[in-house]
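In what follows, every heavy atom counts, from backbone to side chain, and hydrogens, waters and symmetry copies are set aside. The chains referred to below are lettered A, B, ... by the order of the sequence lines, with proteins before strands, and numbering in each begins at 1.
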Amino acid sequence: MKPRVRYAPSPTGHLHIGNARTALFNYLFAKRHAGTFIVRIEDTDLARNVESGIASQMAHLRWLGIEPDESIDHGGAYGPYRQLERLTLYATYAEQLLKQGHAYKCYCTSEELEAEREALKAAGDDKLHYSRKCLHAPAQDAPYAIRFKVPENTTWTFDDMVKGTVTFQSDDIGDWVMVKQNGIPTYNFACAIDDHLMAITHVLRGEDHITNTPKQMMVFEALGWTPPVYGHMTLIVNEQGKKLSKRDGAILQFIEQYKDLGYLPEALFNFIALLGWSPPIEAEIFTQDALIEHFDARRLSTSPARFDRAKLTYINQQHIKLLDSEALKTVCHPFLQTAGLLEGKDDAFVDSVIDVFRDRLTYGAEIVSLYHDFFDENLVLSAESREFLRSVEDVRPLLATFADKLTELDETPTPDAYKNLIKETGKICGMKGKNLFMPIRIAASGSMHGPDLPKMMHLLGIETLKQRFAHILQDDLSF
RNA sequence: GGCCCGUUGGAGAAGCGGCUUAACUCACCAGCCUUUCACGCUGGCAUUCACGGGUUCGAAUCCCGUACGGGUCACCA
């Protein structure tokens with residue numbers, strides 16, 4: 001049987017990295033087994049819905065390369081794919097459960113419930129379950145919620161795809177609300193109904209849903225249905241080992257933020273796939289197709305996945321290396337453009353900028369800071385550079401010679417022209433290797449680290465170079 | 001507090017009872033390459049798997065307990 005899996009976001013905002021990961025693993029699972037990947041919008045919390053949230057989520061899913069087979073945008077035989085459009089369906093089943101005695105109307109107000117919980121807490125009760133005081137309440141002409149009547153002395157056991165056998169007892173679950181006073185179903189109810197109606201075979205979701213599972217299973221049982229296979233993936237945690245909180249500013253958590261910084265979608269896809277899952281082969285740079293080919297749900301990790309930004313950086317850099325120059329140009333161009341670095345520059349200039357930096361670029365937007373680091377007007381010698389200059393004998397004559405030679409060049413020397421110049425300078429001064437290149441590099445860029453020297457000089461332009469050499473030669477001998 | 005889950009080097013993370021004197025990757029260090037820088041390549045980097053018991057001829061791997069960490073206990077999803 002071909003699996004049918006779903007990603008069921010609530011449209012409360014942008015695509016979060018944790019949600020993206022849920023979507024991604026479901027997608028991988030579906031594609032790996034030639035199944036169907038469905039996106040269902042769970043918008044039953046009216047207060048938290050953000051209308052633009054749906055479009056944003058769908059757009060970023062697509063940007064990541066995750067294309068649903070069935071969704072509000074793609075249609076399908078199991079629609080509608082938005083819960084608010086399925087209200088009559090839920091009402092039908094709620095009615096049935098009510099009739100069969102699996103559910104009952106609850107007339108308690110939120111104040112009463114709150115007071116009840118407070119009392120339990122004060123009494124030292126640690127379960128804080130609903131008292132069931134409305135279980136036999138006569139019908140009233142008042143607003144009501146519908147509660148699921150949790151069967152007594154029952155054990156729910158399921159074979160979790162990642163955790164193994166997991167068990168819950170009736171005693172640990174209070175009668176929960178399945179339809180709110182406003183007539184809209186709660187998550188656990190709507191989710192169970194839809195998973196059945198949409199013929200979902202496997203549910204891969206975050207571990208934070210594990211305690212919801214028995215609630216959903218009891219709906220399936222009451223209605224005589226067979227629940228899907230569940231799999232609960234470990235949470236993604238931050239440096240402190242805490243669940244990623246959307247309010248945590250220390251980590252960029254939304255796909256959009258990475259997109260805006262010029263991260264590559266295929267790299268992000270690769271990185272996220274490694275969050276709580278490990279490939280069966282010794283590699284870690286994967287294309288989406290390779291990931292689909294190697295995906296195996298049995299390799300989903302049981303311990304929390306640490307969000308490691310350094311790893312992301314590395315993976316992105318590796319994917320950048322895979323790009324041909326045209327593709328890399330497409331990535332970098334907008335950033336150079338917005339930074340105003342392209343004013344009066346031609347295409348060849350863009351090509352050289354990218355060529356010079358491609359080896360050390362870790363994400364698109366970085367091209368701008370790399371550029372500034374090395375080509376800023378006010379260059380400042382790093383401490384390391386000064387120290388090096390002091391350690392080399394006869395630095396000054398060397399730099400003077402080079403500066404002198406510079407005046408002999410034409411207006412737009414090629415990288416090779418600079419290379420020859422360095423060579424000649426070395427010959428004249430009797431210097432070579434590091435002692436030759438490094439002082440020139442420092443004079444030109446202020447730093448001991450940077451792109452290939454001749455290429456860099458070419459980019460910098462002869463006028464800037466002349467200024468910089470003049471500047472450093474004016475400097476005190478001690479630098 | 002109840003219930004559920006986890007704990008391997010500076011970091012991520014393999015490992016599923018003997019092939020492990022613990023893979024791979026990042027970071028770091030050293031060397032090579034490059035007349036510089038970077039990329040790349042090669043090598044180094046846990047006598048040890050939170051701790052304490054137990055099972056076994058044999059345990060990071062199984063069992064129990066302790067500690068620590070996390071998740072969840074809503075008319076949120």
Using a strict 4.0 Å threshold on nitrogen-to-oxygen distance, state whether [X] and [Y] make a salt bridge.
X	Y	result
A:D171	A:K127	no
A:R306	A:D308	no
A:E387	A:R390	no
A:R205	A:E42	no
A:R48	A:D45	yes

Sugar-phosphate, base or nothing in reach of [X], heavy atoms under 4.0 Å:
X	result
A:L113	base
A:K121	nothing
A:P304	sugar-phosphate
A:C108	base
A:R358	nothing
A:S110	nothing
A:Q181	base
A:T44	sugar-phosphate
A:S447	nothing
A:H232	nothing
A:K311	base
A:L235	sugar-phosphate
A:N435	nothing
A:K434	sugar-phosphate

Check the pair A:E207, A:K163 against salt bridge (charged side-chain N to carboxylate O under 4.0 Å, His left out), reporting the backbone distance first and the verdict last. CA-CA 9 Å; A:E207 191 182 321; A:K163 304 278 183 196; 2.9 Å; yes

Say we look at [N] and [M]: how far apart would their [atom1] atoms be, to the nearest angstrom?
N	M	atom1	answer
B:rC45	B:rC4	P	43 Å
B:rC62	B:rC5	P	14 Å
B:rU8	B:rU20	C1'	13 Å
B:rA77	B:rG70	P	26 Å
B:rG12	B:rA27	P	15 Å
B:rU61	B:rG54	P	14 Å
B:rA14	B:rA74	P	33 Å
B:rC26	B:rU21	C1'	25 Å

Quick one: which of A:H209, A:Q216, A:K215 gives a side-chain hydrogen bond (donor to acceptor under 3.5 Å, both in side chains) with A:N188? A:Q216

Span of RNA chain B, from the first to the last nucleotide whose atoms fall under 4.0 Å of chain A heavy atoms: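 Result: B:rG1 to B:rA77.
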
Tell me, do A:V229 and A:M161 make a side-chain contact under 4.5 Å, heavy atoms counted? yes

Should stems be defined as at least three consecutive Watson-Crick or G-U pairs with both distances under 3.5 angstrom, which of them involve RNA chain B?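 Stems found: B:1-7 with B:67-73, B:10-12 with B:24-26, B:28-32 with B:40-44, B:50-54 with B:62-66.
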
Within the 6.0 Å centroid threshold, strictly below: A:F271 and A:F307: yes

Contact nearer the 5' end of RNA chain B, comparing A:E284 with A:R147: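 Per heavy-atom nearest nucleotide, the more 5' residue is A:E284.
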
Take A:A283 and A:G276, find for each the nucleotide of RNA chain B with the closest heavy atom, and name the residue whose nucleotide sits nearer the 5' end.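 The residue closer to the strand's 5' end, by nearest nucleotide, is A:G276.
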
Show, in sequence, the C-alpha distance, side-chain angles and deciding distance for A:I272 and A:I255, and conclude whether the side-chain contact (heavy atoms from CB on, under 4.5 Å) test is met. CA-CA 11 Å; A:I272 294 173; A:I255 299 305; 4.0 Å; yes

Begin with the C-alpha distance, continue with both residues' side-chain angles, and end with the deciding distance and a verdict on side-chain contact (heavy atoms from CB on, under 4.5 Å) for A:L113 and A:Y130. CA-CA 8 Å; A:L113 293 170; A:Y130 175 60; 3.6 Å; yes

